[in-house]
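This is a predicted model, so every value here is computed, not measured. As the structure lists them, so they are numbered: ligands from 1, and atoms in each ligand from 1.
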Amino acid sequence: MSMTPDLAAIEAMDAADPLRSMRERFVLPEGVIYLDGNSLGAASPAVFSELQQAATREWAQDLIRAWNTAGWFNMPVELGDQLGRLIGAADGQTVVCDTTSINIYKLLHAALGMRPDRSVIVAEGDSFPTDLYMAEGVASTRPGTRLRLEGVDAAAIEELIDDSVAVILVNHVNYKSGRLRDMAALTRKAHDAGALIIWDLCHTAGALPVELDRANADFAVGCTYKYLNGGPGSPAFIYAAARHHGDVHQPLSGWWGHARPFAFEQGFAVGSGIRRFLCGTQPVLSMRALKGALDIWNDVDMTAVRKKSIALTDLFIQLVEARCGAYGLELESPHDGSQRGSQVSFLHPHGYQVMRALIERSVIGDFRAPSTIRFGFTPLYVGYGDVWQAVDVLEDILRTGAWQDARFAVKTAVT
Ligand SMILES: *Cc1c(COP(=O)(O)O)cnc(C)c1O
């Protein structure tokens, strides 16, 4: 890497940043350097005005009529199409609903049902745990189903794929290390073995360009409260390639997935297209918040987002290595920006205390057990000057040993 930039160089980078004005679309508290948009994205006036309108006009004034007059009924598919544009999905293949965990459950069952003579689910041992927990739950309801894990049953996921594999559940970017997978290559490998693949996009939707259709992916899930800024607990999404819509069935066959929900028929008749992945009534206020958050992306070029994301994360690594190298931090993320999502993780034996000390000084990242300190860089509202200041504070905390104060060792419920 080139010479470590100084503050003047950093200011010039901010001045030349084509995404700089996007920062004004978000509200962040004064003085806070927010490096946790990979866990909970920032709030925006666009979201507030959608919430306000949905609550005070549509709900309060239109009441039950709003399902029709305000278009509430179609929101899961309309938002799905809007979100689909950010993940390389043509219309009609994405639906907003439920949580990522629930959607994984639906898709694993659906995929296993499409490969009845196969019994293996392949996943990653270092996956975000809920993905594995849901796979365990699915396997427990289908006798004979087995889980094969990368890092446990073989070092690389590719080695686990053979003709007994029904479905591969894999993260596009690993939540802890930030490692990015080659979607097209792994999808091809899965298909060559006759298997289906489900991509978990929690750490890539809104973080970098995703090309589901182009990669020929079968299915995907993801959440909307991280890089998409939909708000705490905003609904997740499902992508299913159109070619599968004719022969895919998910087990949570609620009335919203019915062909005629308002006919109130006794038996289940599966709905057409992507609607078959719906189950019950969706959280309208949360969906409206998400609508506001997604509208912001209408003016954003995802290539510019990726470019800035790599520049921010490269800069952070460079400054940390130059200034904090002596204090026991070890880079956990790939050094090569093209192999990395929009986050940087370091290992530190007292990572929890270090992160608590950072947060007290208004540099907000997060901690992942046992020893990862994680920093997310959201190009829409994080600038190069923020990176500089964050490293300044980190260096101070490490050099002075400020993190060793007993109050930083007290565990909080959510890290
Ligand atoms: C954040 C995240 C989830 C969250 O799942 P929910 O059911 O929405 O709580 C799941 N998987 C991955 C990989 C995540 O990063």
Side-chain angles (χ1 to χ4, degrees), residues 35-42 76 79-80 83 87 94-109 121-138 147 149-151 157 167-181 183 186 197-208 210 212 217 219-239 250 252 277-280 282-283 286-287 289-290 293 332-333 340-345 365-369 372 374-378 413-415:
L35 304 180
D36 214 2
N38 54 329
S39 213
L40 176 63
L79 288 180
L83 200 159
I87 52 174
T94 311
V95 68
V96 165
C97 59
D98 302 323
T99 67
T100 303
S101 304
I102 292 171
N103 290 339
I104 288 172
Y105 187 85
K106 296 178 202 168
L107 284 179
L108 280 175
H109 270 291
I121 300 173
V122 167
E124 303 150 288
D126 66 352
S127 173
F128 188 92
T130 203
D131 299 41
L132 295 180
Y133 303 159
M134 296 312 291
E136 268 184 47
V138 168
L147 243 81
L149 297 182
E150 183 189 48
I157 202 163
V167 57
I168 299 153
L169 171 64
V170 68
N171 288 274
H172 197 195
V173 157
N174 180 274
Y175 78 107
K176 217 190 254 185
S177 68
R179 176 200 62 221
L180 173 66
R181 296 235 188 226
M183 180 180 281
L186 190 59
I197 191 159
I198 303 169
W199 285 95
D200 187 325
L201 306 180
C202 279
H203 292 277
T204 47
L208 48 92
V210 179
L212 285 171
F219 303 109
V221 293
C223 62
T224 64
Y225 51 77
K226 292 173 181 164
Y227 292 97
L228 294 172
N229 311 307
S234 60
F237 64 88
I238 284 188
Y239 161 92
Q250 60 96 0
L252 302 182
F277 286 98
L278 289 170
C279 177
Q282 293 304 311
S286 286
M287 281 194 297
L290 178 59
E332 187 182 12
S333 302
R340 198 170 62 219
S342 204
Q343 71 178 66
V344 176
S345 302
D366 61 23
F367 170 79
R368 289 291 173 265
T372 297
R374 199 171 69 145
F375 303 89
F377 295 86
T378 308
V414 174
T415 59

Visitor: With a heavy-atom distance limit of 4.0 Å, tell me whether Thr100 approaches ligand 1 through its side chain, its backbone, both, or neither.
Guide: both

Visitor: Which protein heavy atom lies closest to atom 10 (C) of ligand 1, and at what distance to 0.1 Å?
Guide: Thr130 CG2, 3.4 Å

Visitor: Show the atoms of ligand 1 that are less than 4.0 angstrom away from any heavy atom in Asn171.
Guide: 13 (C)

Visitor: Grab the two heavy atoms, one from Arg374 and one from Asp36, that are nearest each other, plus how far apart they are.
Guide: NH2-OD1, 4.4 Å

Visitor: Please list, in number order, the atoms of ligand 1 under 4.0 Å from a heavy atom of His203.
Guide: 15 (O)

Visitor: Report the part of Asp131 (side chain from C-beta onward, or backbone N, CA, C, O) that has a heavy atom under 4.0 Å from ligand 1; answer both or neither where that applies.
Guide: side chain

Visitor: Hey, is Glu124 close enough to Arg179 for a salt bridge, meaning N to O under 4.0 Å?
Guide: yes

Visitor: Report the part of Tyr225 (side chain from C-beta onward, or backbone N, CA, C, O) that has a heavy atom under 4.0 Å from ligand 1; answer both or neither where that applies.
Guide: side chain

Visitor: Counting each atom of ligand 1 from 1 as listed, which ones have a heavy atom of Lys226 under 4.0 Å away?
Guide: 1 (C), 2 (C), 3 (C), 14 (C), 15 (O)

Visitor: If you define the side chain from C-beta out and look only at heavy atoms, does anything of Leu180 sit under 4.5 Å from His203?
Guide: no

Visitor: Residue-level breakdown please: for Ser101 versus ligand 1, do any non-hydrogen atoms fall below 4.0 Å on the side chain, on the backbone, on both, or on neither?
Guide: both

Visitor: Roughly how far, to the nearest 0.5 Å, is CD of Gln343 from NZ of Lys176?
Guide: 11.0 Å

Visitor: Anything under 30° is parallel, anything over 60° is perpendicular, the rest tilted; go ahead and classify His172 against Trp199.
Guide: perpendicular

Visitor: Which option, Tyr175, Phe128, Tyr105, owns the non-hydrogen atom nearest atom 3 (C) of ligand 1?
Guide: Phe128

Visitor: Ignoring hydrogens and geometry, is there a side-chain-to-backbone donor-acceptor pair from Thr372 to Phe367 under 3.5 Å?
Guide: no

Visitor: Measure the acute angle between the ring planes of Phe375 and Phe377, then classify it against the limits of 30° and 60° as parallel, tilted or perpendicular.
Guide: tilted

